[in-house]
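Report on the structure given below.
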Amino acid sequence: MRLRGLMAGAVSTVLAVTLTACGGSSDSSNQPSVNAGASFEAGTTMAKLKEAGKVKVGTKFDQPLFGLKGLDGKPAGFDVEVAKLIAAKLGLTADQIEWVEAQSKFREEYIEQGKVDFVVATYTINDKRKERISFAGPYYTAGQDLMVKADDTTITGPEALKGANAKVCSVTGSTPAEKIKEYADPANIVLFDVYSKCADALRNGQVQAVTTDNVILLGLVDTSKGAFKIAGKPFTEEPYGIGIKKGDTKFCEFVNETLKTASTDGGYEKAWKDTAGKVAPDAPKLPEIAACS
Ligand code: GLU
């Protein structure tokens, strides 16, 4: 219900702020206060990262509001701010974060290979992924939706794709790419590596719809200058987690404590307000945190 409320408010806000919103850029000097004196049990991931003075974070580079690489070469968005909160609790500044683009299909692999220390990238917690990695969180709950051209009156929800001669675009390795098979003919599903390519395909008329999480679509609508709209009928729940090495329970608990603290000291709300909140002003409440496993 909360999500629907958020989206209803958000969509009307999109109309109101299309001309002013900056599509995900945020002030990079705007950093959470760093826990400089942090000390951690020897051998833990926290101790290793603090000692290294560096953390590698996987995030998206092409998703306005959540993770969008700016002209300064650094990503901005809600996921980026959540990562900065975690780094700050480790005693690391935003400048000590090395940002790695983590496209949907590479996220588990990058965590397994140690190419990143953790992933904050609109990353849905699910059992299949939990076979390879662990998740802290959730820190947000999105829902899958559809984005179409602003003047489209036919694709109003996923049911409209059944038997329709309409192509729908999503991203390889994402949950929406799987779920949409329940509605669209496989021949009509077009997959790219990133959502910005789906937005291009919609603009060019190569596809008639894009499907992924509503908040990702919201960012794409916001930067479309009125060309796109969201169907507005979310049809899944996508709890976003922070992906970490499988079985690293101590790090998972540390991240969860960081999230809980941020939800009470204003850090979580500020992270939202500075990013996605520019388009969807109502800051979400931190969802109930799951037990680490
Ligand atoms: N939340 C979904 C997922 O993790 C879609 C967004 C994405 O591809 O990052 O697959």
Side-chain angles (χ1 to χ4, degrees), residues 3-4 6-8 10-11 14-15 18 23-24 60-68 101-107 121-126 128-129 140-240 276 279-280:
L3 183 70
R4 282 174 193 273
L6 162 70
M7 292 312 296
V11 171
V14 168
L15 299 176
T18 303
K60 297 299 183 79
F61 278 7
D62 75 321
Q63 293 179 195
L65 309 183
F66 272 67
L68 180 69
E101 182 180 18
Q103 295 177 358
S104 299
K105 71 167 178 278
F106 294 127
R107 292 174 292 197
T122 58
Y123 200 6
T124 298
I125 300 171
N126 67 30
K128 189 164 172 239
R129 290 173 177 165
Y140 184 73
T141 308
Q144 184 172 352
D145 210 323
L146 290 163
M147 178 173 81
V148 294
K149 281 206 171 144
D151 60 359
D152 188 313
T153 53
T154 57
I155 306 173
T156 50
E159 295 293 336
L161 295 171
K162 286 189 176 161
N165 187 22
K167 295 219 180 293
V168 57
C169 187
S170 197
V171 158
T172 309
S174 71
T175 52
E178 287 303 310
K179 182 74 182 174
I180 205 63
K181 291 178 188 163
E182 292 173 24
Y183 301 94
D185 187 300
N188 283 331
I189 301 174
V190 176
L191 298 180
F192 289 118
D193 50 2
V194 290
Y195 294 106
S196 48
K197 290 187 188 166
C198 284
D200 291 341
L202 180 62
R203 196 172 291 110
N204 298 337
Q206 291 165 318
V207 302
Q208 283 66 53
V210 177
T211 190
T212 186
D213 303 337
N214 46 11
V215 282
I216 299 174
L217 298 175
L218 189 62
L220 295 172
V221 167
D222 182 49
T223 50
S224 78
K225 301 197 183 86
F228 304 148
K229 66 179 179 187
I230 297 179
K233 290 183 198 142
F235 50 98
T236 66
E237 279 213 353
E238 309 289 329
Y240 286 177
V279 177

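Numbering starts at 1 and runs along the sequence shown.
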Handout entry: Partner residues of T212 under the side-chain hydrogen bond (donor to acceptor under 3.5 Å, both in side chains) criterion, sequence neighbours left out
Key = Y195
Exercise for the section: State the NZ-CZ distance between K225 and R203, to the nearest 0.5 angstrom. Expected result: 8.0 Å
Problem - Audit row: K179, F235, side-chain contact (heavy atoms from CB on, under 4.5 Å) steps and yes/no - result: CA-CA 9 Å; K179 182 74 182 174; F235 50 98; 4.1 Å; yes
Problem - N126 side chain to T124 side chain, donor-acceptor N/O pair below 3.5 angstrom - result: no
Practice task
Take I180 and Q144 through the test side-chain contact (heavy atoms from CB on, under 4.5 Å) and record every step on the way to the result.
Solution key: CA-CA 9 Å; I180 205 63; Q144 184 172 352; 4.2 Å; yes
Problem - Closest approach of K229 to A150 (non-hydrogen atoms, all atoms of both residues) - result: NZ-O, 3.3 Å
Handout entry: Flag, side chain of N204 to backbone of Q206, donor-acceptor distance under 3.5 Å
Key = no
Handout entry: Flag side-chain contact, heavy atom, 4.5 Å: V207 against V168
Key = no
Exercise for the section: Please round to the nearest 0.5 Å and tell me the distance separating atom SG of C198 and atom CG of L220. Expected result: 9.0 Å
Exercise for the section: Could you pull out all residues at least two apart from F106 that satisfy ring pair (Phe, Tyr, Trp, His ring centres under 6.0 Å)? Expected result: Y110
Practice task
For the residue pair V210 and S170, establish whether any side-chain heavy-atom pair is separated by less than 4.5 Å.
Solution key: no
Problem - Spatial distance of atom CZ (R129) from atom OH (Y123) [nearest 0.5 Å] - result: 5.5 Å
Fill in the blank from the handout: Output for pair (T175 OG1, K128 NZ), nearest 0.5 Å, gives 10.5 Å
Exercise for the section: Measure the shortest side-chain to side-chain distance between T122 and K60 over non-hydrogen atoms and say whether it is less than 4.5 angstrom. Expected result: yes
Fill in the blank from the handout: When every non-hydrogen atom of E101 is compared with those of V194, the smallest separation belongs to OE2-CG1, 4.1 Å
Completion exercise
Minimal heavy-atom distance between A164 and N188, with the atoms involved, is O-ND2, 3.3 Å
Problem - A142 versus V215, closest heavy-atom pair with distance - result: CB-CG2, 3.9 Å
Practice task
State, yes or no, whether a side-chain contact exists between I230 and L218 at a heavy-atom distance under 4.5 Å.
Solution key: yes
Practice task
Using the test side-chain hydrogen bond (donor to acceptor under 3.5 Å, both in side chains), find all partners of D193 that sit at least two apart in sequence or belong to another chain.
Solution key: K197
Problem - Member of D145, D213, L146 meeting the side-chain contact (heavy atoms from CB on, under 4.5 Å) criterion with P176 - result: D213
Problem - Atom pair NZ (K105) and CZ (F192), whose distance is rounded to the nearest 0.5 Å - result: 11.5 Å
Exercise for the section: Give the intermediate values and the outcome of side-chain contact (heavy atoms from CB on, under 4.5 Å) for residues L161 and T211. Expected result: CA-CA 11 Å; L161 295 171; T211 190; over 6 Å; no
Completion exercise
Heavy-atom closest pair (E182 atom, K162 atom, distance to 0.1 Å) is O-CE, 3.7 Å
Problem - CD on E238 to CD1 on I216, rounded to 0.5 Å - result: 8.5 Å
Exercise for the section: Look at the aromatic rings of Y240 and F66 and report parallel, tilted or perpendicular, splitting at 30° and 60°. Expected result: perpendicular
Practice task
State, yes or no, whether a side-chain contact exists between K149 and L202 at a heavy-atom distance under 4.5 Å.
Solution key: yes
